[in-house]
Amino acid sequence: MRFDIRVLSPANELSRLIIEAASEADARRQLESQSLQIVTLQAIGQRMSGLRWRRRQFSVLLFCQELHALLLAGLTLMEALEGLIEKDAASESRTVLQRLINTIRDGSRFSDALTTLPDVFPPLLVGLMKAAESTGDIPSVLARYVAYQQRVDVVRNKIISSSIYPAILLLVGTAVTAFLGGYVVPRFATIYQDTGRELPFMSALMLKFGAFVSTNTAMVGGITLFLVAIVAGSFWHLSRTGALSRWAARLPGVGVRIRLYETSRLYLTLGMLLESGIPIVSALAMSEGVVSRRVLMHLQQARAAIESGALFSDSFQECQLTTAISYRMLRVGERSGQLGDMLIQASNFYEGDITRFIDRFTRAFEPILMMVIGLVVGGIVVLLYMPIFDLATTLQ
């Protein structure tokens, strides 16, 4: 197996290597024996080389990981950025890094340089860097942000990976049904019309549909594409306006977990910000970008109440941002002065519940979906062959 690795030499020089190794652990042992410090390590097979024609986007997570490793190795911030730009071949990444370097050379702070690229760096990272500059501990804050982002991606990746098989199953089932309805049924309809026999009601109804499709193929195809475009456009519009998430939040069983996921992400963000030394009001303002529009309204109400002097736990409870368990945990955190840590613990509690629900839902949904597709396809086949069964019975 081949690995693409960025390493830091004992002379603090950043370089890129491609080595052969039996595993990732073997690759690490080879580099450690040469006194090389690993910055990033990735199997070449995981780089999706077949998609290199696509424009590479700047990865904030990878940038923070590499910058953290270089700063821990003893490089200054400017040396680390210059080292990254020398070894990055992607044009967009080089552009972003060069703008950061130019802004810092003009006398701006690192957080101010990040602010000049709002489309690249989220406000959360900018706020953390401002807090880190006041304490001088940028590496630890970078490590905290990397851990936070990886935690946030866990549930999202879990949902995506759990949706792949049902999506493929649904696509194949739809394709088979469309083939039967658009190709097989019209041909059976032509055959049965020539026999002149009276057909069972359901079979006759389906075969009439098949005959209509056969004689109006272009019109049926155009209407189908039009309906698909309307559904896709409506889905995109509802997703953009937040109506889709509000509708999903009303679903029994699923809606509760969606609200828990939003609450868990909010708690994790607030906890990380408070642990980094950011004041609670500022932390609430920075967290507004990680919640949905429905939760945003409640969060702004809670922020206004806290600014007026109300307790954090009471404000969150009144604004429907807690559960019975999290409310007690927040009160304990306030009394002990460890509110940030308690928010993170509450997030961990809810994240575990969400993960278990996703596993159970996927295991139940997949066989149900297979059963529905089987009933639809099997029903079409049975209706097609019912006239043949009747004919065989008559002949006997």
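If you're wondering where the values come from, they're calculated on a predicted model, not measured in any experiment.
- Note that CG of Leu273 is 5.0 Å distant from CG of Leu124, once rounded to the nearest 0.5 Å.
- Nearest heavy-atom pair across Ile280 and Leu274 is CA-CD2, 3.7 Å.
- Only one option out of Ile278, Ile138, Leu114 pairs with Leu128 in a side chain to side chain contact (heavy atoms under 4.5 Å, CB included); it is Ile278.
- Heavy-atom contacts from other residues, nucleotides or ligands closer than 6.0 Å to CE of Met219 number more than 12.
- When side chains are defined from C-beta on, Leu284 counts as touching Phe312, because their heavy atoms get closer than 4.5 Å.
- Tracing side-chain contacts under 4.5 Å through hydrophobic residues (I, L, V, M, F, W, Y), one reaches Val120 starting from Val126; they form part of the same cluster.
- Following chains of ILVMFWY side-chain contacts shorter than 4.5 Å, one cannot reach Leu268 starting from Leu61, and the two form parts of different hydrophobic clusters.
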Show me the donor-acceptor pairs within less than 3.5 Å that the side chains of residues 226-233 make with the rest of the protein, sequence neighbours left out.
none

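- Using a 4.5 Å heavy-atom threshold, the side chains of Gln150 and Gln65 count as touching.
- When the shell of 6.0 Å around OH of Tyr327 is examined, it contains more than 12 heavy atoms from other residues, nucleotides or ligands.
- Minimum heavy-atom separation, Glu366 to Leu169: O-CD2, 4.1 Å.
- A donor-acceptor pair is defined here as one N or O able to donate and one able to accept, closer than 3.5 Å; no such pair exists between the side chain of Glu307 and the backbone of Val281.
- Ile160 and Ile358 are not part of a single hydrophobic cluster, where members link through side-chain heavy atoms under 4.5 Å apart.
- When atom types are taken as modelled, the side chain of Thr269 and the backbone of Arg265 share a donor-acceptor pair closer than 3.5 angstrom.
- The hydrophobic clustering, which links ILVMFWY residues whose side-chain heavy atoms are closer than 4.5 Å, places Leu311 and Met329 apart.
- Using a 4.5 Å cut-off on side-chain heavy atoms (C-beta onward), Leu369 and Leu170 make contact.
- A pairwise comparison of heavy atoms in Arg331 and Ser313 identifies CG-OG, 3.6 Å as the closest pair.
- In terms of modelled atom types and a separation under 3.5 Å, the side chain of Asp112 and the main chain of Ser108 share no donor-acceptor contact.
- Taking CZ of Arg144 as the reference point, atom CE of Met272 lies at 8.0 Å (rounded to 0.5 Å).
- Between Val295 and Thr263, the closest side-chain pair of non-hydrogen atoms is not below 4.5 Å.
- Looking at heavy atoms from C-beta onward, Tyr350 lies out of side-chain contact with Tyr261 at the 4.5 angstrom threshold.
- Rounded to the nearest 0.5 Å, atoms OH (Tyr267) and CD (Gln345) are 13.5 Å apart.
- A distance of 8.5 Å separates SG in Cys319 from CG in Leu299, rounded to the nearest 0.5 Å.
- Taking the side chain as every heavy atom from C-beta outward, Tyr165 and Phe365 never approach each other to under 4.5 Å.
- Side-chain contact between Val146 and Gln149 is absent, with no heavy-atom pair separated by less than 4.5 Å.
- Expressed to the nearest 0.5 Å, how far CD of Glu288 lies from CE of Met297 amounts to 13.0 Å.
- A donor-acceptor contact shorter than 3.5 Å links the side chain of Thr177 to the backbone of Gly173.
- Taking every heavy atom of both residues into account, Arg105 and Glu82 meet most closely at NH2-OE2, 2.7 Å.
- When all heavy atoms of Leu270 and Ser287 are compared, the closest pair comes out as CD2-OG, 3.2 Å.
- In this structure, Asp341 has no salt bridge (charged side-chain N to carboxylate O under 4.0 Å, His left out) partners at least two apart in sequence or on a different chain.
- With hydrophobic clusters built from ILVMFWY side chains whose heavy atoms lie under 4.5 angstrom apart, Met78 does not share a cluster with Leu72.
- Taking the side chain as every heavy atom from C-beta outward, Thr103 and Phe110 never approach each other to under 4.5 Å.
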Assess the residue pair Glu318 and Gln301 against the criterion (side chain to side chain contact (heavy atoms under 4.5 Å, CB included)); give the C-alpha distance rounded to whole Å, side-chain angles, the decisive distance to 0.1 Å, and a yes or no. CA-CA 9 Å; Glu318 292 174 1; Gln301 293 174 353; over 6 Å; no
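- Residue Arg360 places its CZ atom among more than 12 non-hydrogen atoms of other residues, nucleotides or ligands, all under 6.0 Å distant.
- Taken from CG in Leu81 to CG in Leu70, the straight-line distance is 9.0 Å, to the nearest 0.5 Å.
- For the residue pair Arg99 and Thr116, no side-chain donor N or O sits within less than 3.5 Å of a side-chain acceptor on the partner.
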Under the side chain to side chain contact (heavy atoms under 4.5 Å, CB included) criterion, do Val176 and Val376 qualify, and how do the steps go? CA-CA 10 Å; Val176 171; Val376 172; over 6 Å; no
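- Contacts of Glu79 classified as salt bridge (charged side-chain N to carboxylate O under 4.0 Å, His left out), with partners at least two apart in sequence or in another chain: none.
- Looking at Thr322 and Gln317, their side chains never bring a donor and an acceptor atom within 3.5 Å of each other.
- For the residue pair Pro139 and His68, the shortest heavy atom distance occurs at O-CD2, 2.9 Å.
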Derivation and outcome, side chain to side chain contact (heavy atoms under 4.5 Å, CB included), residues Thr362 and Ser163: CA-CA 8 Å; Thr362 303; Ser163 303; over 6 Å; no
